[in-house]
Peer 1: 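Structure below; questions to follow.
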Number of protein chains: 2
Amino acid sequence: MSTNSAPDEGSPWPKKTDRTRSRALKREAVMTMAVRFFNEKGFHATSLDDVAKALNVTKPTIYHYFRNKDEILFECVVQGLHSIADAAGRVEAQGGTGLERLKSLAYMYAICMTQDFCICISRTADHELSPASRARFRALKREIDQTMRQVIRDGIADGTIAPESERMISFTLAGALNWIARWFDPEGPMSREEVAQSVVSILMNGVAAEAGRGTPVRAPESS
Amino acid sequence: MSTNSAPDEGSPWPKKTDRTRSRALKREAVMTMAVRFFNEKGFHATSLDDVAKALNVTKPTIYHYFRNKDEILFECVVQGLHSIADAAGRVEAQGGTGLERLKSLAYMYAICMTQDFCICISRTADHELSPASRARFRALKREIDQTMRQVIRDGIADGTIAPESERMISFTLAGALNWIARWFDPEGPMSREEVAQSVVSILMNGVAAEAGRGTPVRAPESS
DNA sequence: TCAATTTTTTACCCGTGAGTAACATCCAGG
DNA sequence: CCTGGATGTTACTCACGGGTAAAAAATTGA
C-alpha cells in the first residue's frame, strides 16, 4: 500500500493512517445520520441540509466526503447488503440439512432487518438510485437471493424442504422478512431475537395447525 | 340532489348526471395514469406535468379535477384499500373454519396485490402523504388488519390455525403478500392466480417438509 | 513561525416541479 | 343569439434543494 520503503513498525503511528481513519469515521457519521433520516422521512424528502444540521456542520462539508446524495444512499444500502451477505455466507458454510440452514439464514436475515442499514434496503425502491448504483444494488441483492435459493434447492433435494417452486419460496420468505423493516419497533414489546424467532417459525411450519394441512384454497365467489 | 321538483323519470337522461359521469370518468383516467407513473417512478419522482402530458392535457387541467398531488395519491391507495377490504368483507361473511377463511382472504389479498392500485399501497410509505391523508390511510389499513386478525383468532380458537402469536402471524402474512406487489410481473411465467395459489400454499403449510417440522432454529455463531 | 494542505464555511447558481391567475373555449338553457 | 357555468390553455410565481466556487479557518510538517 505505502510507497515509501521505511518500515511501518515505528511506535508513533504514521499520520497518514490517522488521517484516513478520521476521514472514514466522519463518512460513517454522515451515513449513520443520513440513514436515520432516510428511514424516517424517505430519501427524497430528506435534504442534505437536514442531515448536515443534525451533524452540526453545513452542506458543503458533506460534499467533502461524498460525491453526491446518491452515493450516500448507495453506500448505506451496500452496508446493509454486506451484513446480510456475511450472514448468508456463514450459514452456507455451516453444516446441516437444507432446512436447518434455511432456518439459520432466515433467522439472521430477520435480525438484520431490524437494523438501520438493512431497513434502508427494504425501504429503498431501486428507481431512487442512479442507473449505475441501481445496477450494482440489484446485483448484490441477486447474490443474496442466489445463496438463499441454493439452500432451498439443497433442502428440497435432501427432503427437508417441501417441493414447492424454489422461486416462490424465496419470494415468500424475502417478503415476510423484508417487511419486518416496516413494522419492527425496538421500543416495542418483543426483542429483535424474539421477533426473528417467531417469524421464522411461522414461515417454516406454516400457519395451519396439524389438522388442516394440505387442503386446497377455496376462493370466494366473484371478483 | 336536484333542486328542481320535476321527476327524474324522463327518458332523456338529465344533463346533470351526464356531466358528473364524465367528470368521474376523467378523474378515473387521471388516477389510472398517475398510479402507473407512481408505481414505476415513485411518487416524488413523478411530476404532474408527466401525467398531464401522457393524457394529452396540461397540468392545470388536472388541478381542475383534484385539489393537489396528495389527493391523487390518496385516492389511488384508497381505491386499492377498498378492493382489499371488499374481499376481506366477503370472506368474513363466508362460512368455514378459521383456516379456510384465512386461506380465502390471503388468496384474494394476493390477487389484489398484482393490480395497480394495490401495488401503489405497498409502494407508498405513509410519510409521502399529508398528515391528514396519512391518518385516514392508516385507519383503513388497520381495518383490514383487524379483519385478518379476527379470522386468525377464530382459526386458533377452532384449532385449525397453529397457536402462534396472532400479531406475528398477521405481520408475516402481510409481508409476504404485500411483497408480491414488488416482484409480480404480468408478463412473467406465472399468472396472478398461480402466484396467489402458490404463495398462499407456502404460507399455510410452511416451507418445511413433513419430516423436519417443529425443530427449533439454530443461529450460526457470532453476530 | 511559516508554508502547504485539508477541512469547513459563506454565498451563491439553477433546474425542477407544485400550485395559481387570468384568459380562451365550449356548451347548455332561456 | 346570448349568458353563465364548466373545461381547458398559456404564462407565470415561488420555494426548495442539489450542487459549486471561492474564501476562511484549522491542522500539520518543517
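Sequence lines set the chain letters: A, B, ... in the order given, protein chains first and strands last, and positions in each chain run from 1.
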Peer 1: What is the distance from CD1 of B/I62 to P of C/dG17, rounded to the nearest Å?
Peer 2: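 Checked: the CD1 to P distance equals 14 Å.
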
Peer 1: Check salt bridge (charged side-chain N to carboxylate O under 4.0 Å, His left out) between A/E143 and all other residues, then give those that pass, not counting sequence neighbours.
Peer 2: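 Salt bridge (charged side-chain N to carboxylate O under 4.0 Å, His left out) list for A/E143, sorted by chain: empty.
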
Peer 1: Could you work out, with salt bridge (charged side-chain N to carboxylate O under 4.0 Å, His left out) as the rule, every residue matching B/D86, not counting sequence neighbours?
Peer 2: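 Checked B/D86 against salt bridge (charged side-chain N to carboxylate O under 4.0 Å, His left out); zero matches.
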
Peer 1: Who are the side chain to side chain contact (heavy atoms under 4.5 Å, CB included) partners of B/T61, not counting sequence neighbours?
Peer 2: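 With neighbours one apart ignored, the set is B/V57, B/T58, B/Y65.
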
Peer 1: Applying salt bridge (charged side-chain N to carboxylate O under 4.0 Å, His left out), can you list everything that pairs with A/R27, at least two apart in sequence or on another chain?
Peer 2: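 Expected list: A/E75.
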
Peer 1: Which residues satisfy the side-chain hydrogen bond (donor to acceptor under 3.5 Å, both in side chains) test with B/Q150, sequence neighbours excluded?
Peer 2: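 With sequence neighbours excluded, B/Q150 shows a side-chain hydrogen bond (donor to acceptor under 3.5 Å, both in side chains) to B/R153, B/D154, given in chain and number order.
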
Peer 1: Is it the case that A/S83 and A/Q115 place a side-chain donor and acceptor less than 3.5 Å from each other?
Peer 2: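 Checked: A/S83/A/Q115 side chains show no N/O donor-acceptor pair below 3.5 Å.
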
Peer 1: Does any residue of residues 126-137 of chain B have a heavy atom under 4.0 Å from DNA chain C, and if so, which ones, in number order?
Peer 2: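 By residue number: none to list.
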
Peer 1: Excluding sequence neighbours, so at least two apart, what forms side-chain hydrogen bond (donor to acceptor under 3.5 Å, both in side chains) with A/T32?
Peer 2: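 For A/T32 there are no side-chain hydrogen bond (donor to acceptor under 3.5 Å, both in side chains) partners, ignoring immediate neighbours.
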
Peer 1: Without decimals, in angstroms, what is the distance between A/K69 NZ and D/dT20 P?
Peer 2: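 These atoms are roughly 15 Å apart.
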
Peer 1: Going 5' to 3' through nucleotides 8-14 of chain D, assign each nucleotide B (protein heavy atom under 4.0 Å from a base atom), S (under 4.0 Å only from sugar-phosphate atoms) or - (no protein heavy atom that close).
Peer 2: SBB----

Peer 1: How close or far is atom P of D/dG17 from atom CG of A/N68, stated in whole angstroms?
Peer 2: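 The answer, rounded to whole Å, is 17 Å.
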
Peer 1: Send over the distance from A/Y63 OH to D/dT20 P, rounded to a whole Å.
Peer 2: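 Distance check: A/Y63 OH to D/dT20 P gives 7 Å.
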
Peer 1: Please list all pairs passing the ring pair (Phe, Tyr, Trp, His ring centres under 6.0 Å) test where one or both residues lie in residues 20-57 of chain B, with sequence neighbours left out.
Peer 2: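 Listed by first then second residue: A/H44-B/H44, B/F38-B/F43.
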
Peer 1: Which ones in residues 31-52 of chain A lie close to DNA chain D, meaning a heavy atom under 4.0 Å from one of its atoms?
Peer 2: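 Heavy-atom contacts with DNA chain D come from A/T46, A/S47, A/L48.
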
Peer 1: Look at A/R67 and D/dG19 and indicate whether a side-chain polar atom (N or O) is within less than 4.0 Å of OP1 or OP2.
Peer 2: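 Negative; the distance criterion is not met.
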
Peer 1: Could you tell me how far apart B/F66 (CZ) and C/dG17 (P) are, to the nearest whole angstrom?
Peer 2: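 From B/F66 CZ to C/dG17 P: 20 Å.
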
Peer 1: Report the nucleotide, chosen from C/dG19, D/dT20, D/dT7, that has the shortest atom-to-atom distance to any side-chain atom of B/R23.
Peer 2: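 From the listed options, D/dT7 comes nearest.
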
Peer 1: Below 3.5 Å, can you tabulate the donor-acceptor pairs from side chains in residues 128-137 of chain A to any protein atom, sequence neighbours excluded?
Peer 2:
from: A/E128; atom 1: OE1; to: A/A125; atom 2: N; distance (Å): 3.2
from: A/S130; atom 1: OG; to: A/D70; atom 2: OD2; distance (Å): 3.1
from: A/S130; atom 1: OG; to: A/S133; atom 2: N; distance (Å): 3.3
from: A/S130; atom 1: OG; to: A/S133; atom 2: OG; distance (Å): 3.0
from: A/S133; atom 1: OG; to: A/D70; atom 2: OD2; distance (Å): 2.7
from: A/R134; atom 1: NE; to: A/D126; atom 2: O; distance (Å): 3.1
from: A/R134; atom 1: NH2; to: A/L129; atom 2: O; distance (Å): 3.0

Peer 1: Quick one: pull up CD1 in A/I62 and CD in A/E71 and give me the separation to the nearest 0.5 Å.
Peer 2: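 A/I62 atom CD1 to A/E71 atom CD measures 12.0 Å (nearest 0.5 Å).
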
Peer 1: Can you tell me which residue pairs pass the salt bridge (Lys or Arg N to Asp or Glu O under 4.0 Å) test with a partner in residues 176-198 of chain A, sequence neighbours excluded?
Peer 2: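 Residue pairs passing salt bridge (Lys or Arg N to Asp or Glu O under 4.0 Å), neighbours aside: none found.
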
